[in-house]
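Down below is the structure, laid out as structure tokens.
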Amino acid sequence: QVQLVESGGGLAQPGGPLRLSCAVSGLTFSSTAMGWFRQAPGKEREFVAAISWGSGSTAYTDSVKGRFTISRDNAKKTAYLQMNSLKPEDTAVYYCAFQYVATMTPNDEEYEHWGQGTQVTVSS
């Protein structure tokens with residue numbers, strides 16, 4: 001059974017950090033990728049970052065470059081999203097998603113498995 005389980009969301013202060021984790025089970029990891037997406041209230045889901053499980057290559061949307069870092073631990077089958085210098089506009093439900101063919105595209109339709117989402121709220 002495929003499972004993606006996110007954790008680490010919560011309330012953060014503007015300028016502060018937060019780290020999200022996504023534990024994966026029931027999947028193999030060769031030539032695959034993991035992405036992070038987010039959806040704010042009243043907005044469409046948007047791509048945040050992606051990483052290749054094999055090569056470690058990464059991709060980011062412009063609004064998070066230099067602030068967010070995506071990483072993975074192959075042994076733990078876990079992907080991470082380290083978020084620094086958080087802004088109120090980063091407030092959203094964050095989802096991890098698994099892609100069988102590691103194109104790391106920002107198109108969410110090309111990701112086959114999704115986590116349940118974790119709320120991130122940035123507020124003072």
Side-chain angles (χ1 to χ4, degrees):
Q1 182 180 0
V2 175
Q3 275 194 315
L4 280 69
V5 180
E6 297 113 336
S7 60
L11 177 65
Q13 298 251 340
L18 207 59
R19 189 176 84 154
L20 305 182
S21 300
C22 179
V24 183
S25 60
L27 292 165
T28 57
F29 291 82
S30 60
S31 303
T32 60
M34 181 70 79
W36 286 96
F37 291 77
R38 65 187 181 186
Q39 187 167 21
K43 295 188 176 181
E44 293 189 352
R45 186 162 59 190
E46 65 169 350
F47 172 79
V48 176
I51 187 167
S52 165
W53 283 106
S55 69
S57 298
T58 58
Y60 297 91
T61 191
D62 287 346
S63 63
V64 308
K65 284 180 181 177
R67 301 189 299 122
F68 291 11
T69 302
I70 189 171
S71 62
R72 90 283 192 228
D73 185 325
N74 288 15
K76 294 183 178 179
K77 295 186 178 181
T78 300
Y80 305 95
L81 186 68
Q82 177 67 45
M83 304 184 292
N84 296 328
S85 302
L86 281 163
K87 304 175 181 180
E89 52 263 42
D90 294 318
T91 296
V93 177
Y94 283 70
Y95 299 89
C96 62
F98 185 90
Q99 185 183 46
Y100 283 109
V101 179
T103 64
M104 301 190 293
T105 173
N107 182 356
D108 60 0
E109 294 183 357
E110 296 189 26
Y111 290 77
E112 288 85 2
H113 300 287
W114 291 81
Q116 80 285 357
T118 185
Q119 177 70 46
V120 171
T121 302
V122 183
S123 175
S124 56

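None of these values were measured; they are calculated from a predicted model.
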Could you check whether Arg72 makes a cation-pi contact with Tyr80, meaning its NZ or CZ is under 6.0 Å from the centre of the six-membered ring and within 45° of the ring axis?
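The answer is no, since Arg72 fails at least one limit relative to Tyr80.
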His113 vs Phe98 aromatic rings, parallel, tilted or perpendicular, using cut-offs 30° and 60°?
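Correct class here is tilted.
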Would you say that [X] contacts [Y] through its side chain, given a criterion of any heavy-atom pair below 4.5 Å between the two side chains?
X      : Y      : result
Phe68  : Asn84  : no
Tyr100 : Glu110 : no
Trp114 : Leu4   : no
Cys22  : Trp36  : yes
Arg45  : Tyr95  : yes
Val120 : Leu18  : yes
Met104 : Ser52  : yes

Supply the atom-to-atom distance Ile51 CD1 to Cys96 SG, rounded to the nearest 0.5 angstrom.
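It comes to 13.0 Å.
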In Å and rounded to the nearest 0.5 Å, what is the CZ to OG1 distance from Arg38 to Thr61?
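Spacing of CZ (Arg38) from OG1 (Thr61) equals 7.5 Å.
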If you measure from the Lys or Arg side-chain nitrogens to the Asp or Glu carboxylate oxygens, is any gap between Asp90 and Lys87 under 4.0 Å?
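Between Lys87 and Asp90 there is no salt bridge, as every charged N stays at least 4.0 Å from the carboxylate O atoms.
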same_hphob_cluster(Met83, Val64) at 4.5 Å side-chain heavy-atom cutoff:
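Looking at the clustering, Val64 is in the same group as Met83.
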Determine yes or no for a side-chain-to-main-chain donor-acceptor pair under 3.5 angstrom, with Gln3 supplying the side chain and Gly26 the backbone.
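Such a contact is absent between Gln3 side chain and Gly26 backbone.
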Walk me through whether Ser55 and Ser57 qualify under side chain to side chain donor-acceptor pair (under 3.5 Å).
CA-CA 5 Å; Ser55 69; Ser57 298; 2.9 Å; yes
